[in-house]
Amino acid sequence: MMADSALLSEISDIENRNRLATHVPSTCNVKRSRTPSPLTANGSIDTQMQQRQSFQYFPSTRSVFKNIPYEMPVRKCQTPSPLMVASSADRNNWPLKQVSPWISSTNNQKIERRSCSPVSSFKSTDMDMSEHYFHPIQSVGSGSNGNPTFPTVNASNPVELQVTNLDQDIDAKDMKRILLSLFREHVMVLHVSVFIQSDGNFVASVIVPSLQDAQYAISQLHCRRIGFKRICISYAHSGGPNPQLIRSQIVSLLLEVPGHRLPLFKFRELFESRYLTSVSVSDLHRMKDVIIVTEESTGRMVTLNPDHRNTPSPVSSSDGVITDYPYCLIHSKKPKPDKGWAEQEIDALPNLMVGMKLFGQRIHKLIQSHNGLLPLPSLPSCYHAEFKDLEVNEDGVPIEHLLTCVPGVEIHQGSGGVKFLRWKNPNTENSQSSESLKCVSPPLVTQLALFSRELVDLLKTAPHCQLPFNRFIPAYHHHFGRQCRVADYGFTKLIDLLEALPQVVQVMGDGSRRMVTLSHRAQIRRFTSDLLRILKSQTNKQVTFSAFATIYEKVIGRPFSAPDYGVCYLEDILAEVSENTVVVSQSPNETPPNLIISVPKREQTPNEIEKTKQFAFEINYS
C-alpha cells in the first residue's frame, strides 16, 4: 500500500510539473499554431494572447518565474502594401484584368482609403496621406439608382475654416481624423491640420474648395458635439479687416496728422472715430514696417515709419485717384492750423424730406461735379454748398436710403471701409441678384428665402421699418419666439448674412450707428401689396388721391406715412409701381383735377367680344 501511495504521489508531482511547464513564458521555444503574420514584428498575435492569458489566469506563475526573462512583443509598424511602394511604371506592368479599387483613377494614381472609426486609434502616416484625397460634396438630388449624385466642384478658390472650442482631452491626431471624417460627410476636404495656439489649446484648420462648400459645412457642423464640447466654425481670415486694409487706414490717418505722430490713446480714439472700428495694441506692434511704437516720458507714442513715408500710398487706386478719404477735398471745411484732417469728427447722415425727382437731379449733378466719385460722409456738406438748401427733417427718410432710390447711382464701399457714391455700371445692374445668389450654397437657398420673408415681417413692425443693428437679434427672438442662428444659413456673422440679401434689406451707417431697413425694391413690393388690398376693398376698384390716406387707415388699420415705405411723398412711391398693376389717371369732372388710382381693366378685342356674344346666345337658347 505504501508503494502504491508513493507511486501515485510521484505521478501527481509529474502531472503538476507538466501542467505548470505549459504556462512558462518563453522567448524561444513557443509553439506557433500558424504561420506568423507579416503585420507583426516580434511574434504572432496568438502567442501574445496566450502569454497574456497565462499571467492573467495563473498569478502564481508570475511570482514563481519572475526571474525568467520575458519581453512582450511590440507591434511597431505595418508591412507596406506593394500598391504603395511600387512606382507607376511597375503597376502598369502588373497582369491585372481591372484596376484595383485601392488605386484612384485620378489625382496621379494616389492611394485612397476608407477612414476608420472616429473613436479608434490610427497611424500618422495614414492621416498624412488622407489629407490629399478628394471627396465630392453630396448633392441634394439623387441619381437614377437612388444614390446621391456628386456634382463637380471648382477648387480654384479654396476657403480656410478655423475650428475652435475643441475638446482638449482628445489627442491631436484623433481630433484631426475625427474632423476629417465629419467634414467629409458633407463637403469635399482639401486639407486638415491641428495646431496649438499660444494659450496651449488645440485649434484645427480645414480647407474646402469653395465658399459655397464652406457655407454648407458651417450650416451642418457648427456647434456639433465632439467629445464633451461643441465645436465653433468660423472663417480663418474673418476676424476683422485684412492686414493690408489696416495698414492703409493707419497710413492714411498718420499722413494727415502734423508731425506724423500721435499719443497711443489719441491715435486709437481718432482711428475709431474715423473708421468706426478699433485696432488693438498687439496689431500695432506687429506693423513695424508701417509704424513705430515708442515709450516716452509722456506715454507711448505712435509714429509713422520714416522709410514708409516715401513709398506709394496703399490707399491710392491704380489710376492715381485717392479713394480712401472720408471727406470731399472741394467742399469740406478746412481744419485749424494745429489740427489735421483726421481730427475732424464725422457726423451722422441726416434724414431728408425731399421729392425724389428733384433729389435725383441734384445727386446726378453732384456726382458729375466730383468726377464720378463722392465720399458719402461729406455728401451733406457738398449738397449744401451746391444747392444751399438741405431739407433736413427728423421724421424724414435717411439720406443713405434715398440714394438707393435714385436711378443710375450706387453706394460702393472702398478699400478703407469708407462708402462712396458713384455711377452704376449698366453691365452689372441686371446681374446684381444673380451675383448675390452665387455666394449662397444651393442647399441653403430655400432657408434664405424663408429668412427673407421673416425679415420683411419683422422690419415692417418697426418704426419707419428701421431697426438698430445691435437690437436685431433681441427683436427677432421677441417677434418669432426663437433664436436667430446665423450658422443655420451658412454664415458666421450677422452682417455677412444681411449683406448677402441686398434685394431684401439694406444696412445703413457704420459701426455702432448701423441701422437695418428694408431695401427699396422690397418696399415697392410691400406698398404694391397694400395698395391692391385697398383698391379691392372698394366697390369700383378705385380710389382718389385725396381720399387715399383716409381709406388707407380704414383698411390697413394705421395712419398712412410715406416714410414708412422709404420715400418722402406718395407720388414718389406711386411712380415706382408697375403700370400693369395699377393705373393713375386724372379725373376730368373735378376742379382742380384729382388723381384716380384704379385697378387696370383690360379692354376686350373685337374677336373676344364676338365670342362672348356667341357664348351668351348658346346659354340662353340651350
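All residue numbers in this chain count up from 1 along the given sequence. As the structure is a prediction and not an experimental result, all values here were calculated from the model.
A donor-acceptor pair under 3.5 Å links the side-chain atoms of His364 to the main chain of Pro407, judged by distance alone.
Two residues are said to be in side-chain contact when any heavy atoms from C-beta on lie closer than 4.5 Å; Leu531 and Leu574 meet this criterion. For the pair Val599 and Val583, the minimum side-chain heavy-atom distance is 4.5 Å or more. Between Phe548 and Leu595, every side-chain heavy-atom pair lies at or beyond the 4.5 Å cut-off. In this structure the side chain of Leu211 never reaches within 4.5 angstrom of the side chain of Asn157, judged on heavy atoms. With a 4.5 Å cut-off on side-chain heavy atoms, Ile231 and His222 do not count as touching. You'll find the side chain of Ile551 stays beyond 4.5 Å of the side chain of Lys554, heavy atoms only. Between Leu374 and Cys382 there is a side-chain heavy-atom pair separated by less than 4.5 Å. Between Glu160 and Val206 the shortest side-chain heavy-atom distance does not fall below 4.5 Å.
When the ring-ring contact (aromatic ring centres under 6.0 Å, His included) test is applied to His479, no partner is found at least two apart in sequence or on another chain. Every residue two or more places apart in sequence or in another chain that forms a side chain to side chain donor-acceptor pair (under 3.5 Å) with Glu400 is listed here: Lys419. Every side-chain contact (heavy atoms from CB on, under 4.5 Å) that Ala214 has, sequence neighbours left out, goes to Val159, Leu161, Val208, Tyr235.
Closest approach of Leu444 to Tyr489, counting heavy atoms only: CD1-O, 3.5 Å. Contact between Phe545 and Leu570 at its shortest, heavy atoms only, is CE1-CD2, 3.3 Å. Closest non-hydrogen pair, Ser378 versus Pro375, comes out as OG-O, 3.2 Å. Here the closest non-hydrogen pair linking Arg224 and Gln220 is NH2-O, 3.4 Å. When all heavy atoms of Thr517 and Leu459 are compared, the pair lying nearest together is C-CD1, 3.8 Å.
Under 4.0 Å is where a charged nitrogen must lie from a carboxylate oxygen, and between Arg513 and Asp510 no such pair does.
With a 6.0 Å radius and a threshold of 12 heavy atoms from other residues, nucleotides or ligands, Glu386 has its CD atom above the threshold.
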Please tabulate, one pair per line, all N/O donor-acceptor pairs under 3.5 Å involving side-chain atoms of residues 561-569, not counting sequence neighbours.
residue, atom, partner, partner atom, Å
Asp564, OD1, His464, ND1, 2.9
Tyr565, OH, Asp530, OD2, 2.7
Tyr565, OH, Tyr552, OH, 2.6

Below 3.5 Å, can you tabulate the donor-acceptor pairs from side chains in residues 388-396 to any protein atom, sequence neighbours excluded?
residue, atom, partner, partner atom, Å
Asp389, OD1, Arg362, NH1, 3.3
Asn393, OD1, Asp395, N, 2.9

Using atom types as modelled, flag every donor-acceptor pair under 3.5 Å from a side chain in residues 467-477 to any protein atom, sequence neighbours excluded.
residue, atom, partner, partner atom, Å
Tyr476, OH, Glu454, OE1, 2.5
Tyr476, OH, Arg482, NH2, 3.4
His477, ND1, Gln483, NE2, 3.3

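Residues Ser546 and Asn594 have side chains that bring a donor and an acceptor to within less than 3.5 angstrom of each other.
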